[in-house]
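All remarks here apply to the structure that follows.
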Amino acid sequence: MKKVAFYTLGCKLNYSETSTISRMFEAKGYEKVEFDQSPDIFIINTCSVTENADKKCKKIVKEAKKISPDSYVTIIGCYAQLKPKEISEIDGVDAVLGAAEKFRLIELLDGFAKEQETKVLASEIHQANTFNNAYSMHDRTRTFLKVQDGCNYGCAFCTIPLARGKSRSDSIENILISAREIAQTDVKEVVLTGVNIGDFGIQEGKRKEKFVDLIKALDEIEGIERFRISSIEPNLLTNEAITFVAQSKKFVPHFHIPLQSGSNTILRKMGRRYLRELYEDRVSKIKTLMPNCCIGVDVIVGFPGETDELFLETYQFLNELDISYLHVFTYSERANTRAVEMDGVVPMKKRNERSRMLRILSEKKRRKFYEENLGKTFTVLFEEDLEDGKMHGFTENYIRVAAKYDPILINELKTVTLNEINEKGTVEVVEPETVYESH
């Protein structure tokens with residue numbers, strides 16, 4: 001029995017796909033092992049969004065060869081689709097598979113026998129036009145369920161449409177089948193994931209279903225306690241969806257909504273499909289219906305043409321918005337994007353300064369959000385995440401809590417009262433002895 005190990009870089013979508021591919025290997029009789037357990041085969045699932053994708057890829061390949069010098073190393077994922085030739089020249093790589101090929105790697109790399117030349121199987125991105133169902137299992141307390149893939153938007157900074165192809169989705173019927181399978185495994189929380197999940201519903205190039213109908217159907221699934229929506233574009237987050245989440249049984253009050261810039265000038269240059277006024281309206285609508293809702297924001301600093309004044313527009317906009325935390329990205333040049341050709345390049349030193357300013361703002365926002373919720377009662381899903389004798393978990397509205405370790409609480413939902421913020425910025429709860437079962 002050949003041993004296979006997996007390594008995933010990047011997003012929740014990548015995790016769901018790695019997990020599904022690993023189950024394909026196990027179904028074929030391969031033994032899944034940890035990275036350091038001398039595997040015969042390494043599958044490395046890469047990301048192109050993170051900076052230094054090439055350095056990270058080289059480093060992981062180097063480690064793999066150190067652990068198993070004779071192993072077969074396969075690279076898949078977004079970086080593999082964008083730069084197959086570049087990856088094929090990395091010492092130790094045996095095969096590179098693109099977006100249309102990665103789910104067929106067991107048949108395409110028949111037996112994983114080493115050859116003289118690195119095998120490159122990466123067809124043009126327009127051939128990645130089928131939807132491959134995927135969800136993660138046994139990796140974490142929560143499961144990532146892929147509902148959509150690809151993107152039809154052409155944001156000036158982004159390579160994802162080049163790496164994943166056009167927007168396409170699973171059917172609601174198929175997703176409900178996956179959700180019922182997940183419900184059999186004692187998973188308490190499912191995170192819906194995709195590249196542009198608000199665009200859910202396109203099958204074979206035609207819009208057949210709507211995102212709001214998907215979440216309404218999932219809300220009725222027996223055996224899963226919580227559903228969380230991952231990142232969703234502000235122009236696709238409809239009033240109907242927000243209103244439904246506010247009164248749903250299982251969808252939690254947490255939205256992650258990319259903004260990218262608080263300046264309309266920059267939003268237009270980026271090719272985003274909304275202006276800041278719409279974003280403000282979405283936040284206001286959510287907070288009116290769900291005052292305790294957690295709202296996370298993606299923002300890019302240092303985009304070409306972002307002057308000090310335009311950056312301050314973003315800073316002030318975020319400072320005044322009722323949001324809970326930021327994911328700050330320092331703009332980095334990507335080949336084959338419109339932004340690379342633009343004037344007004346921001347020096348790296350300035351990009352880093354702006355990034356630091358927004359990270360400090362994020363900490364302030366998070367603390368304020370936590371403080372507003374102290375003394376209130378929430379449900380926490382406890383994880384196998386131990387630190388200094390404390391266990392951790394997240395409330396439905398994404399507040400990270402710490403409690404005294406109790407093995408019986410792992411992967412359990414418990415009702416707790418938020419007590420105080422500790423020196424690590426985590427919220428302490430009333431000790432588990434007084435925690436009672438949620439119904």
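Since we're looking at a predicted model, the values are computed, not measured.
- Remark: the backbone N or O of Val252 is not paired with any side-chain donor or acceptor of Glu396 at under 3.5 angstrom.
- Taking the six-membered ring where the residue is Trp, Tyr325 and His327 present tilted rings, their angle falling between 30° and 60°.
- Side chain of Thr337 to main chain of Arg334: a donor-acceptor pair is present (N/O by atom type, distance under 3.5 Å, no hydrogens or angles).
- Ion pairing of Glu363 with Arg367 is absent here, as no side-chain N (NZ or NE/NH1/NH2) approaches a carboxylate O to less than 4.0 Å.
- Sorted by first and then second residue, the ring pair (Phe, Tyr, Trp, His ring centres under 6.0 Å) pairs involving residues 350-381 (not counting sequence neighbours) form an empty list.
- When atom types are taken as modelled, the side chain of Asp170 and the backbone of Gln203 share no donor-acceptor pair closer than 3.5 angstrom.
- Asp94 places a side-chain N or O within donor-acceptor distance of the main-chain N or O of Val73, the cut-off being under 3.5 Å.
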From CA spacing to verdict: side chain to side chain contact (heavy atoms under 4.5 Å, CB included), Leu418, Val401: CA-CA 8 Å; Leu418 304 189; Val401 307; 3.8 Å; yes

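- A distance-only check finds no donor-acceptor pair linking the side chain of Gln148 to the backbone of Gly201 [under 3.5 Å].
- A tilted orientation is assigned to the rings of Phe25 and Phe112, their planes being inclined by 30° to 60°.
- Aromatic ring pairs are classed by plane angle as parallel below 30°, tilted from 30° to 60° and perpendicular above 60°; the pair Phe157 and Phe303 is perpendicular.
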Pair Arg180-Glu220, salt bridge (Lys or Arg N to Asp or Glu O under 4.0 Å): steps then yes or no: CA-CA 11 Å; Arg180 289 188 193 104; Glu220 301 300 323; over 6 Å; no

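- For Glu17 and Lys146, the salt-bridge test passes: some basic side-chain N is under 4.0 Å from an acidic carboxylate O.
- A cation-pi arrangement is absent between Arg228 and Phe394 under the rule of less than 6.0 angstrom and at most 45 degrees off the ring axis.
- Glu101 places no side-chain N or O within 3.5 Å of a backbone atom of Val96 that could act as its donor or acceptor partner.
- Looking only at atom types and distance, the side chain of Asp388 has no donor-acceptor partner in the side chain of Tyr405 under 3.5 Å away.
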